[in-house]
Number of protein chains: 2
Amino acid sequence: MIKSENLNDILFYSLERAIKSYRQFAQRQLVKHGFNITIDQWLVLKTLHDNPEQTQHQVAETIFKDYASVTRIIELLVEKQYLVRTMHAADRRRFSLTLTENAVKLLDNMQPVIDQNRSLALKDINEMQTSQLQQLLNQIIKNTQSDSI
Amino acid sequence: MIKSENLNDILFYSLERAIKSYRQFAQRQLVKHGFNITIDQWLVLKTLHDNPEQTQHQVAETIFKDYASVTRIIELLVEKQYLVRTMHAADRRRFSLTLTENAVKLLDNMQPVIDQNRSLALKDINEMQTSQLQQLLNQIIKNTQSDSI
DNA sequence: CAAATATAATTGATATATCAATATAATTAT
DNA sequence: ATAATTATATTGATATATCAATTATATTTG
């Protein structure tokens, strides 16, 4: 019913739609499995679990989020008792961020759902296509980084 | 420096990064050219310009946004005097949304920048690759739509 | 026609994104 | 060693995303 320049033909529109669609899907699956956590909160936990010594700044860069957002997500994770903040031994500007046992269990329990989400979302797309897609996305990222303009 | 499952290998991480990177780039370009409007606000204006008779609900579906978000974006566009809301002649639940002259001029002035953003972001990616990318994205969208699960 | 249902839009609450300003602490440069 | 700079993190303001509840009007159904 929609005429004109046809949004569907615009690549970036599809990009936006695909990632939003995936995020909504992934979030629904988490809710469906009874996990009371957002995708973004999970991402922060996961990153800290993998690299515990990161500063919040590094976390933000790793997961491509704003510093302010990371501060606020971490606040929520502390409230939910998934993270403990303590003074950093060597640098008093920083905090040490430690996952609680609950958080570690949570990550373990979530991993199968996360894996399933990914494979369901990639149904009928083979490995070669996935890696081509990766390359194109990386090219777009390269083209749009601040310094490349 | 970052070990472990390596976020960069995860397709959806690249997807998220690519669209965020593009959005930030596009927004920077708008600011650089002196346009005082967000990408999302532009998208709403553009959609209404192309299909003036849409309900807000339809606008939301067309641009894949939440209804509540569309309500709020439209509020801002009315404040900025780019949109005029009037009672709809036939259906008193609706509003007629009309672009002001300023909005039409704005869209005209912005179009070259928008086009340039897209082609800069797609530098070194040819048409065939673009259309393959499109197809894969559409497959992901299909896989993750609510009803397909 | 009246009741039930559906549609259009808004509002409130919470989460995240972005930008700018600020506070502290650490590092460096003179 | 002090001053200037840099790094780490927070906070406030505004925009957008999401979910749930609400209001008003239209449409359908019995």
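We name chains A, B, ... by the order of the sequence lines, and we start the count at 1 in each one. None of the values given here were measured: they were computed from a predicted structure.
- In this structure, B:Q41 reaches the D:dT16 phosphate: one of its side-chain N or O atoms is under 4.0 Å from OP1 or OP2.
- Proximity of A:T71 to the phosphate of D:dT10: a side-chain N or O atom is located under 4.0 Å from OP1 or OP2.
- Among the protein residues, A:E75 comes within range of the sugar-phosphate backbone only, with heavy atoms under 4.0 Å from sugar or phosphate atoms but none that close to a base.
- The side chain of A:S69 places no N or O atom within less than 4.0 Å of a non-bridging phosphate oxygen (OP1 or OP2) of C:dA15.
- Comparing B:Y67 and A:I74 along DNA chain D, the residue whose closest nucleotide (by nearest heavy atom) sits nearer the 5' end is A:I74.
- Closest approach of B:R17 to A:E61, counting heavy atoms only: NH1-O, 4.0 Å.
- Taking every heavy atom of both residues into account, B:L137 and A:A18 meet most closely at CD2-CB, 3.8 Å.
- Going from atom CD of A:Q56 over to atom P of D:dT11 covers 11 Å, rounded to whole Å.
- No N or O donor and acceptor, one from the side chain of A:R23 and one from the base of D:dT16, sit under 3.5 Å apart.
- The residue among B:Q27 and A:I73 whose nearest nucleotide of DNA chain C lies closer to the 5′ end is A:I73.
- The base of C:dT7 sits with one of its N or O atoms less than 3.5 Å from a complementary donor or acceptor on the side chain of B:R93.
- Distance A:E61 CD to D:dA7 P: 11 Å, rounded to the nearest Å.
- Phosphate contact (OP1/OP2 of C:dT16, side-chain N/O of A:K65, threshold under 4.0 Å): absent.
- Checking A:K20 against A:T55, the closest nucleotide of DNA chain D that is more toward the 5' end is the one next to A:T55.
- Atom CG in A:D91 sits about 20 Å away from atom P in C:dA23, given to the nearest Å.
- Taking atom CD1 of residue B:I19 and atom C1' of nucleotide C:dA17, one finds them 14 Å apart after rounding to whole Å.
- Contact between B:V113 and B:N109 at its shortest, heavy atoms only, is CG2-O, 4.4 Å.
- Among the heavy atoms of the strands lying under 4.0 Å from A:D66 is at least one base atom, whether or not backbone atoms are also near.
- Applying the 4.0 Å criterion to OP1 and OP2 of C:dT24, one finds that A:R92 has every side-chain N and O outside that range.
- Proximity of a side-chain donor or acceptor of B:T100 to a complementary backbone N or O of B:Q81 within less than 3.5 Å is detected.
- Surrounding CG of B:N36 are at most 12 heavy atoms belonging to other residues, nucleotides or ligands under 6.0 Å away.
- In this entry the distance linking CZ of A:R85 with P of D:dT10 reads 4 Å, nearest Å.
- Between A:L43 atom CG and C:dA15 atom P the separation is 17 Å, expressed in whole Å.
- Between B:I37 atom CD1 and D:dT16 atom C1' there is a gap of 14 Å when expressed in whole angstrom units.
- A:L30 and A:I37 get closest at one heavy-atom pair: CD1-O, 3.9 Å.
- The side chain of B:R72 has D:dA17 as its nearest neighbour among C:dT10, C:dA15, D:dA17.
- As a whole-Å value, the separation of A:R94 CZ from D:dA7 C1' is 11 Å.
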